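Quick notes on the structure that follows.
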Amino acid sequence: MEVGWGAALLLGLLVLLGSSVQRLAGIGFALVCGPALVLLLGPGDGVTLSNCAAGVISAIGLAGSWRQVRLARMLPLIGAAACTVPVGAWVAGRVPSPALLIGIGLLVSAAALLVIRGIRAASLRGTRGALAAGAASGFMNSAAGVGGPAVSLYAVNTGWTTREFVPNAQFYGVAVNVFSIAAKGLPHLAAPAWATTAAGILVGAGVGRMLSERVAERPARLVVLALALAGGLVTLGKGLWEL
């Protein structure tokens with residue numbers, strides 16, 4: 001999609017915001033700025049760019065914490081996600097734009113509410129829980145760019161601490177977004193949009209790292225989820241308006 005420098009600068013600021021959140025909390029890029037990217041670029045390129053940026057920022061964070069990844073615990077999640085990512089890509093490629101906007105808005109809003117509530121269920125523990133969370137996350141990541149909340153709910157029900165969750169979420173984020181990009185390809189963006197996106201990722205990574213040393217986890221998490229819920233509702237409204 002062709003965008004002017006004004007839209008490209010807005011795109012860079014959105015990516016900076018999402019990257020800061022992702023670097024701070026391990027997830028959250030798509031929740032915070034995914035709906036805005038969809039409104040700016042359209043469902044196809046918006047979701048795919050969200051996959052690209054979230055994957056890169058996860059890799060940046062993982063570079064300093066890969067030794068803390070619990071590989072055996074992550075393999076069921078990643079394996080299940082690999083099976084459902086193509087299904088999400090297939091759905092996203094065939095659903096009309098208004099319906100896809102409605103679906104993305106509903107998924108983002110519901111995901112934010114579920115994480116806010118911290119839903120606990122026996123079915124989200126152990127290997128069975130990992131498979132269920134990975135399958136849901138892979139589909140949602142490919143179709144709507146929001147794979148993190150399902151993994152977050154699994155972590156809550158498994159009893160992971162924040163210190164455990166962040167590096168494992170980053171590892172998972174690299175894997176599921178690579179799967180999603182492989183299934184759908186890269187977004188069709190002009191050079192200015194790619195330039196501001198890259199700058200937003202790099203600056204956001206630095207900002208997120210600084211914030212992680214200064215901001216308490218709970219207030220930051222609530223702000224992230226409130227922004228996600230607002231963005232999801234706006235996207236839902238736009239989809240309903242276009243019907």
Side-chain angles (χ1 to χ4, degrees), residues 22 25-31 34-35 38 43-44 46-48 50-55 58-59 62 69-95 99-160 164-185 225 228 232 235:
Q22 180 91 7
I27 65 168
F29 181 95
L31 279 174
V38 167
V47 170
T48 308
S50 182
N51 293 146
C52 292
S58 292
L62 185 63
V69 173
R70 301 167 72 173
L71 187 59
R73 297 283 293 276
M74 298 307 296
L75 287 178
L77 282 162
I78 292 172
C83 295
T84 56
V85 160
V87 180
W90 184 88
V91 169
R94 285 159 179 78
V95 174
L100 192 55
L101 286 171
I102 291 170
I104 291 171
L106 287 172
L107 284 173
V108 171
S109 301
L113 288 171
L114 286 172
V115 176
I116 289 171
R117 293 292 302 275
I119 300 298
R120 294 186 179 274
S123 59
L124 287 174
R125 298 174 191 144
T127 301
R128 182 176 63 175
L131 292 172
S137 172
F139 176 85
M140 291 173 65
N141 196 75
S142 183
V146 285
V151 178
S152 180
L153 288 174
Y154 167 72
V156 167
N157 281 270
T158 306
W160 285 11
E164 291 175 307
F165 175 72
V166 171
N168 285 283
Q170 289 168 340
F171 177 73
Y172 177 82
V174 172
V176 75
N177 284 299
V178 166
F179 296 156
S180 297
I181 295 165
K184 297 183 297 183
L225 293 172
T235 304

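Only a predicted model underlies this, so the values are computations on that prediction, with no experimental measurement involved.
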Verify, without hydrogens or angle tests, whether Asn168 (side chain) and Arg70 (backbone) share a donor-acceptor contact under 3.5 angstrom. yes
Give me the one residue out of Val178, Ile181, Asn177, Val47 that meets side chain to side chain contact (heavy atoms under 4.5 Å, CB included) with Cys52. Ile181
Quick one: does Ser50's side chain have a donor or acceptor within less than 3.5 Å of a partner on Gly46's backbone? no
Please tell me whether Tyr154 and Ser137 have a donor and an acceptor in their side chains that are separated by less than 3.5 angstrom. no
Is there a donor-acceptor pair under 3.5 Å between the side chain of Ser142 and the backbone N or O of Ala89? yes
Please report the closest heavy-atom contact between Pro76 and Ala72, naming both atoms and the distance. CD-O, 3.4 Å
Enter the distance from Ile78:CD1 to Leu71:CG here, rounded to the nearest 0.5 Å. 7.0 Å
Over all heavy atoms of both residues, which pair between Gly173 and Ser58 is shortest? Give the atoms and the distance, please. CA-OG, 3.9 Å
Closest heavy-atom pair and its distance - Phe29, Ala53: CZ-CB, 3.4 Å
Quick one: pull up CZ in Arg73 and OG1 in Thr127 and give me the separation to the nearest 0.5 Å. 8.5 Å
Test side-chain contact (heavy atoms from CB on, under 4.5 Å) on Val176 and Val85; report intermediate values, then the result. CA-CA 8 Å; Val176 75; Val85 160; 4.2 Å; yes
Distance (rounded to the nearest 0.5 Å) between Phe179 CZ and Asn51 CG: 12.5 Å
Looking only at non-hydrogen atoms, find the nearest pair between Ala80 and Gly134 and report the distance. CB-C, 3.8 Å
Which value, rounded to the nearest 0.5 Å, describes the distance between Phe165 atom CZ and Gln170 atom CD? 9.5 Å
Minimal non-hydrogen separation, Leu77 against Ala130, with atom names: CD2-O, 3.2 Å
Closest heavy-atom pair, Tyr172 versus Val151, reported as atoms and distance to 0.1 Å, is CE2-CG2, 3.4 Å
